[in-house]
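To start, the structure itself, in structure tokens.
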There are 2 protein chains.
Amino acid sequence: MNQSSAPCLTQGCGDCPIRHRAVCARCEPDELQLLDEIKYYRTYEAGSHIIWAGDRMDFVGSVVSGIATLTQTMEDGRTQMVGLLLPSDFVGRPGRDGAAYDVTATSDVMMCCFRKKPFEQLMVRTPHIAHRLLEMTLDELDAAREWMLLLGRKTAREKIASFLSIIARRDASLNLRTAKGALVFDLPLTRESMADYLGLTLETVSRQISALRKDGVIELEGKRHVIVPDFDRLLEEAGDDSDGGMLA
Amino acid sequence: MNQSSAPCLTQGCGDCPIRHRAVCARCEPDELQLLDEIKYYRTYEAGSHIIWAGDRMDFVGSVVSGIATLTQTMEDGRTQMVGLLLPSDFVGRPGRDGAAYDVTATSDVMMCCFRKKPFEQLMVRTPHIAHRLLEMTLDELDAAREWMLLLGRKTAREKIASFLSIIARRDASLNLRTAKGALVFDLPLTRESMADYLGLTLETVSRQISALRKDGVIELEGKRHVIVPDFDRLLEEAGDDSDGGMLA
DNA sequence: ATTCTTGCTTGATCTACGTCAAATACGTGC
DNA sequence: GCACGTATTTGACGTAGATCAAGCAAGAAT
């Protein structure tokens, strides 16, 4: 169907999707075998918690399929999403014992896990794994800071437009174009989860999506299927500097 | 005066303040010498830009003295702070060429810089530097995510209280207690910069500080000098789970 | 002393978004 | 087909915080 679901057996990484190589892209065959030895798969049902904040976490790993979220919740129930995990995204903090956030499967999720202790030992022996992890963490930090601008300074409409463009970008595997060049993808979250992502209420999310639809910025088929006839227009609505053609 | 201004000559790190050892804490003497060879100091005047977003960045380093901020600005001028750099904090992204954000000196700043190329080479040879950087980056990511909860879900009053407790915590070097056990510190930012930190306007910042003062949560001497008679009370106002006694 | 400048406070009003409440749509099982 | 549960939309209204607009305080320059 597309490269993201292609197995990476050639990399010695079992049946993980290709970007899972994030961790083992430059490993030697013997290192890959060590990774395979400490690897296992787990599945989680939609709605179930993968980890609770504060739990001891004895693995690191990648999402193979499905969607998971990282969230923080205040005592009175207000919650803010702080991470969105799509297939191939990495979870876990080598060198840390506890989980800092709740990790929840919002759809059925399959994880590819590495037992943490041996993974950390492997890290010591194979410096490029540490480098790759540093790189991934810097990427996450960049994403978090972009997100902070969104949360602190953008209007509700800009937040929605930004979210749509972020999903279109990240979910590249699902990106398709119609004959006319319109961009097409599915929303991976409910309105409520989008609200938690954007620091809004679900009602405001719904209203702003309706408004963008009315103004012709997007089209909807059903509740989740989005068509973006003009991606640059969407970026304008998002208030982003038009870096423009990253999908050109 | 306090440990933060004590030189760390014993670590072979020149006259950098002690937490600068972040990078070189576990280095062998010969590695430290290599660090010294690629090290230089630079000063920046209050208000001047250290780096502009997008600039090539040919160094990494630590703040030795003064305060600097990381900010993002939208085309229409709305700005969001995404990082606050106090003495001993690290700046720079090994492996990345460009700066992602504006870095501004909000007071006179002295930086201790390492030339990036040789620093990266050193990183390859000394794995514990890479590990330390990963650890620091994970810390920053945690801080960013805490910050996201603040931006997305907290009220103005909670934001101010959170900010005060964060400063009290980070600025540990300046923490003092009065005879009665009240916590005392100085605000490192103007009201406007606080507003950029918190996703508010400077007027709202001012009003909420006044309100906290009126309610006895804090006392003020002048505009910047803060006295917190009861730190737990402040934490309650911040809406944080009372992890309580981190300063007990 | 006096004017300027910069940072801060306070007041009056406005508005974007939240809150509360009631439909509507879409499955899924019977 | 029909009942039921969940996700979503839409409406009416309230409010936290933004905006606009005056002051005020304290240091620096004249």
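- Every residue meeting the side-chain contact (heavy atoms from CB on, under 4.5 Å) condition with D142(A), not counting sequence neighbours, appears here in chain and number order: R93(B), R96(B), A100(B), Y101(B).
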Just by protein heavy atoms under 4.0 Å, how would nucleotides 12-23 of chain C read 5' to 3' in B, S and -?
-> B----SSBB---
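- Taking the C1' atoms of five terminal pairs at each end of the helix from dA1(C)-dT30(D) to dC30(C)-dG1(D), the two resulting helix axes are inclined by 30°, rounded to 10°.
- Applying the ring pair (Phe, Tyr, Trp, His ring centres under 6.0 Å) test to pairs two or more places apart or on separate chains, none has a residue in residues 59-87 of chain B.
- Protein chain B touches strand DNA chain D; the 5'-most and 3'-most nucleotides with an atom under 4.0 angstrom of its non-hydrogen atoms are dG17(D) to dC20(D).
- Here the CE atom belonging to M111(B) is positioned 11.5 Å from the OH atom belonging to Y41(B), to the nearest 0.5 angstrom.
- Looking at residues two or more places apart in sequence or on another chain, you find no side-chain contact (heavy atoms from CB on, under 4.5 Å) involving E236(B).
- A search for side-chain hydrogen bond (donor to acceptor under 3.5 Å, both in side chains) contacts involving R213(B) returns nothing, not counting sequence neighbours.
- No engagement by R78(A) is indicated, since no non-hydrogen atom pair under 4.0 Å with the nucleic acid exists.
- Among residues two or more places apart in sequence or in another chain, the side-chain contact (heavy atoms from CB on, under 4.5 Å) test is passed with S193(B) by M81(B), L189(B), T190(B).
- In this structure T155(B) satisfies the side-chain contact (heavy atoms from CB on, under 4.5 Å) test together with R78(A), R157(B), E158(B), sequence neighbours excluded.
- Shown here are the ring-ring contact (aromatic ring centres under 6.0 Å, His included) partners of H225(A), two or more places apart in sequence or in another chain: there are none.
- Residue pairs meeting the ring pair (Phe, Tyr, Trp, His ring centres under 6.0 Å) criterion with at least one partner in residues 138-160 of chain A, sequence neighbours excluded, are W147(A)-Y197(A).
- T190(B) comes within 4.0 angstrom of sugar-phosphate atoms only, judged by non-hydrogen atoms across all strands, and of no base.
- The CD-P distance, from E192(B) to dT6(C), rounds to 12 Å in whole Å.
- Counting only residues at least two apart or on different chains, the side chain to side chain donor-acceptor pair (under 3.5 Å) pairs with a member in residues 198-208 of chain A are T201(A)-T204(A).
- Rounded to an integer number of Å, the gap from R191(A) CZ to dA25(C) C1' is 12 Å.
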